[in-house]
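Any value given below was found using the heavy atoms of this structure, including those in side chains, with hydrogens, waters and symmetry copies removed. All ligand and atom numbering here is 1-based and tracks the order in the structure. In this chain, residues are counted from 1 in sequence order.
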Amino acid sequence: MQTQRNHPTNSPQSTPSNAETEFTGLKVFAGVITLTVLATAVYYGLFIGKDLRQIEPVYATRAASSASSAAPAPAPASAPASASSSTAPATAAAPAASAASVPVAATPARAAAPAAAVATSFAPPAADKIPDGPMGDMIRKGEQIFLHTGQNAREFVGNSLNCVNCHLDAGRQANSAPLWGAYTQYPAYRSKTKSVDTFSERLRGCFMYSMNGKAPPDGHEVLVALEAYAYWMSKGSPVAEKLPGAGYPKLAKAAQEPDFARGSKVYEAKCALCHGADGQGQRSGEAQVFPPLWGPKSYNWGAGMGEIDKAAAFIKANMPLGLGNSLSDQEAWDVATFIDSHERPQDPRFTGSVAETRKKFHDTPMSKYGLEVNGKVLGQSGT
Ligand code: HEC
Ligand code: HEC
């Protein structure tokens, strides 16, 4: 006997027609597509919807690496991640990574650089190529100070930042003021100090302003170690030649005047997830997993990042983490304006008067210091 089939064919004996097979195939295909689209939408929806679970892998990785970093002991044969500057495995958005799979190394996980976007002519030596011996020990010490500044140079740091927070990928990443792009540029005249500064003096500047701390005295081991690290990273680099990828790429003026309100919307949508709605970043115990962008634990008013054009350039090239160059120029200018319109530690060059300090050191449209924003004159905290 024949089994009664459900499909509406004329002959009960016939198998489904070709057309029908095709139709079923099409339905399956459409189903798969729909599911894929839905899953993607849900994933990105959650991400943009600030669901913390989506950044948990990055968070866990960073927390774990910070926790294992207190030991000043050098980490030989470091993370395989550092073998090449453009192939870091942990990406900001990788939902599959787990804390357990993180290589235990002192090098923090970082988002993969947008490999194709950065054309550099120079590649620094791999992290596991640091030589043995006393010179190697000093280089490793410098690396550890660079990565975990608060732990390894505590007396000179006055906030919760580390050098690597603004010089990504252990100072390797092109377009985030990499060490290999900096070392061979000094001595150099700097308008900020109005003098010809050595590399070591340039380092002292980042301690005073970006790290809101104290400049280590000339010849201090912290400076020697950092200089040794930068020197080693510049191996094979031409001296006194500005390399592509050095510094932060200058950002062209945006079409519209940068705007606080628009910037706050960009911030909420694309930055708050990691840096917090209040801009204070995120901590895990002792470890600062995501760095603060303003407030008492951030860079002070004298820092380069406090200048809107520098912040916009850094942000455009490097943020959101792992998604560099995804913001429009306008968004980068707007969000930089928003961030640098918040209160932060006093400029160490403070003269006793905000107005006077502005006139002396911040007389530029790129600084909001001493200006009124939302009814409050900035630059008054800690005064
Ligand atoms: C808050 C962000 C921030 C932090 C933290 C920070 N820096 Fe910087 N650093 C900058 C900015 C901004 C510049 C200027 C880049 C430019 O003008 O292209 C800079 C410049 C430099 C330069 C010169 C780069 C060049 O191309 O001339 C060196 C070297 C440097 N920093 C080292 C350090 C060290 C070492 C630390 C930690 C002790 C540190 N920085 C911490 C933001 C930061
Ligand atoms: C996925 C998490 C994540 C997102 C999203 C993100 N950041 Fe960051 N950001 C970081 C991390 C982590 C660092 C430090 C990098 C390091 O240590 O390797 C950082 C560093 C920074 C810094 C320099 C350090 C400091 O504290 O001043 C600035 C400025 C910054 N981010 C701005 C932004 C802006 C603006 C956005 C949104 C357009 C954004 N970030 C989105 C994770 C993120």
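Residue contacts with ligand 2 for His275 involve side-chain atoms from C-beta outward but no N, CA, C or O (heavy atoms, distance under 4.0 Å). The proximity of Val266 to ligand 2, defined as any non-hydrogen pair under 4.0 Å, does not occur for either the backbone or the side chain. Contact annotation for Cys206 and ligand 1: only side-chain heavy atoms (C-beta onward) come within less than 4.0 Å of the ligand. Residue contacts with ligand 1 for Leu203 involve side-chain atoms from C-beta outward but no N, CA, C or O (heavy atoms, distance under 4.0 Å). Residue contacts with ligand 1, taken as heavy atom pairs separated by less than 4.0 Å, do not involve Gln185 at all. With a 4.0 Å heavy-atom cut-off, ligand 1 is reached by no atom of Tyr183. Of the heavy atoms in Phe199, only side-chain atoms (C-beta onward) come closer than 4.0 Å to ligand 1. Looking at Phe290 against ligand 2, only its side chain comes within 4.0 Å, counting heavy atoms. Under 4.0 angstrom from ligand 1, the non-hydrogen atoms of Tyr248 come from both its backbone and its side chain.
Close contacts between ligand 1 and Tyr186 involve ligand atoms 23 (C), 25 (C), 27 (O) [criterion: under 4.0 Å to a heavy atom]. For ligand 1 and Gly247, the ligand atoms under 4.0 Å from any heavy atom of the residue are 18 (O). Those atoms of ligand 2 with a heavy atom of Lys270 less than 4.0 angstrom away are 5 (C), 37 (C), 41 (C). Listed by number with element, the atoms of ligand 2 under 4.0 Å from a non-hydrogen atom of Tyr299 are 27 (O). Numbered from 1 in the order shown, with element, the atoms of ligand 2 that lie under 4.0 Å from a heavy atom of Ile339 read 35 (C). For ligand 2 and Leu168, the ligand atoms under 4.0 Å from any heavy atom of the residue are 15 (C), 16 (C), 18 (O). The distance from ligand 2 to the heavy atoms of Val164 drops below 4.0 Å at these ligand atoms: 16 (C), 17 (O), 18 (O). Annotation for ligand 2: atoms under 4.0 Å from non-hydrogen atoms of Leu327 are 38 (C). Set against the non-hydrogen atoms of Ser210, the atoms of ligand 1 under 4.0 Å away are 3 (C), 4 (C), 5 (C), 6 (C), 7 (N), 42 (C), 43 (C). Proximity to Ile315 (heavy-atom distance under 4.0 Å) selects the following atoms of ligand 2: 35 (C). Here is the list of ligand 1 atoms found below 4.0 Å of a heavy atom in Cys166: 1 (C), 2 (C), 3 (C), 4 (C), 5 (C), 42 (C), 43 (C). Against a heavy-atom cut-off of under 4.0 Å, Pro292 is close to the following atoms of ligand 2: 25 (C), 26 (O), 27 (O).
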Exercise for the section: Report the C-alpha separation of Glu307 and Lys310 in whole Å, then their side-chain angles, then the decisive distance to 0.1 Å, and conclude whether the salt bridge (Lys or Arg N to Asp or Glu O under 4.0 Å) test is met. Expected result: CA-CA 6 Å; Glu307 285 160 40; Lys310 289 214 175 87; 3.3 Å; yes
Exercise for the section: Carefully, step by step, assess Glu343 and Trp301 under the rule side chain to side chain contact (heavy atoms under 4.5 Å, CB included). Expected result: CA-CA 9 Å; Glu343 205 46 277; Trp301 278 110; 2.8 Å; yes
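The residue among Asn318, Val289, Leu321, Asn165 with a heavy atom at the shortest distance from atom 17 (O) of ligand 2 is Asn165. Relative to atom 36 (C) of ligand 2, the option among Ser160, Ala170, Cys271, Ala272 with the closest non-hydrogen atom is Cys271. Comparing heavy-atom distances from atom 5 (C) of ligand 1 across His167, Met211, Lys192 singles out Met211 as nearest.
At least one donor-acceptor pair closer than 3.5 Å links the side chain of Asn159 to the backbone N or O of Ser298. Counting only distance, with no hydrogens or angles, the side chain of Trp180 and the backbone of Ala123 share no donor-acceptor pair below 3.5 Å. The closest donor-acceptor contact from the side chain of Arg358 to the backbone of Ser353 lies at 3.5 Å or more, if one exists at all.
A salt bridge links Lys270 to Glu331: one of the charged nitrogens lies within less than 4.0 Å of a carboxylate oxygen. Looking at Arg190 and Asp197, a side-chain N of the basic residue comes within less than 4.0 Å of a carboxylate O on the acidic one, giving a salt bridge. Of the charged side-chain nitrogens involved, none lies within less than 4.0 Å of a carboxylate oxygen, so that Glu143 and Arg140 do not count as a salt-bridged pair.
Atom OH in Tyr229 sits 9.0 Å away from atom CD in Gln144 (nearest 0.5 Å).
Minimum heavy-atom separation, Met208 to Pro348: O-CG, 3.9 Å.
Proximity of the aromatic rings of His220 and Phe156 is defined here by a centroid distance below 6.0 angstrom, and this criterion is met.
Not a single N or O atom of Asp169, backbone or side chain, sits closer than 3.5 Å to an N or O atom of ligand 2. Between Asn162 and ligand 1, no N or O atom pair is found at a separation short of 3.5 Å. The N/O atoms of Met305, backbone and side chain alike, include none that comes under 3.5 Å of an N/O atom in ligand 2.
Atom 8 (Fe) of ligand 2 has no N, O or S atom of Cys274 closer than 2.8 Å.
Contact annotation: Leu273 has no heavy atom less than 4.0 Å from any atom of ligand 2.
By the 30° and 60° cut-offs, the orientation of the rings of His342 relative to Trp294 is parallel.
A single hydrophobic cluster is not seen to contain both Trp333 and Leu327; linkage of ILVMFWY side chains at heavy-atom distances under 4.5 Å, directly or through other members, places them apart. The hydrophobic clustering, which links ILVMFWY residues whose side-chain heavy atoms are closer than 4.5 Å, places Phe122 and Leu179 together. Criterion: ILVMFWY side-chain heavy atoms under 4.5 Å apart, direct or through other members. Under it, Met233 and Leu226 are part of a common hydrophobic cluster. Residues Leu223 and Val196 fall into different hydrophobic clusters, defined by Ile, Leu, Val, Met, Phe, Trp and Tyr side chains chained together at heavy-atom separations under 4.5 Å. Criterion: ILVMFWY side-chain heavy atoms under 4.5 Å apart, direct or through other members. Under it, Tyr299 and Leu203 are part of a common hydrophobic cluster.
Considering only non-hydrogen protein atoms, atom 16 (C) of ligand 1 sits nearest to Lys310 CE, 4.0 Å. Closest to atom 20 (C) of ligand 1 among all protein heavy atoms lies Arg202 NH2, 2.9 Å. Regarding atom 25 (C) of ligand 1, its nearest protein heavy-atom neighbour is Ala182 CB, 3.5 Å. From the protein, the heavy atom lying nearest to atom 41 (C) of ligand 1 is Cys163 CA, 3.6 Å.
Both tests hold for Lys192 against Tyr209: distance to the six-membered ring centre under 6.0 Å, angle to the ring axis within 45°. Because its NZ or CZ atom is not both nearer than 6.0 Å to the ring centre of Tyr186 and within 45° of the ring axis, Arg202 does not count as a cation-pi partner of that residue.
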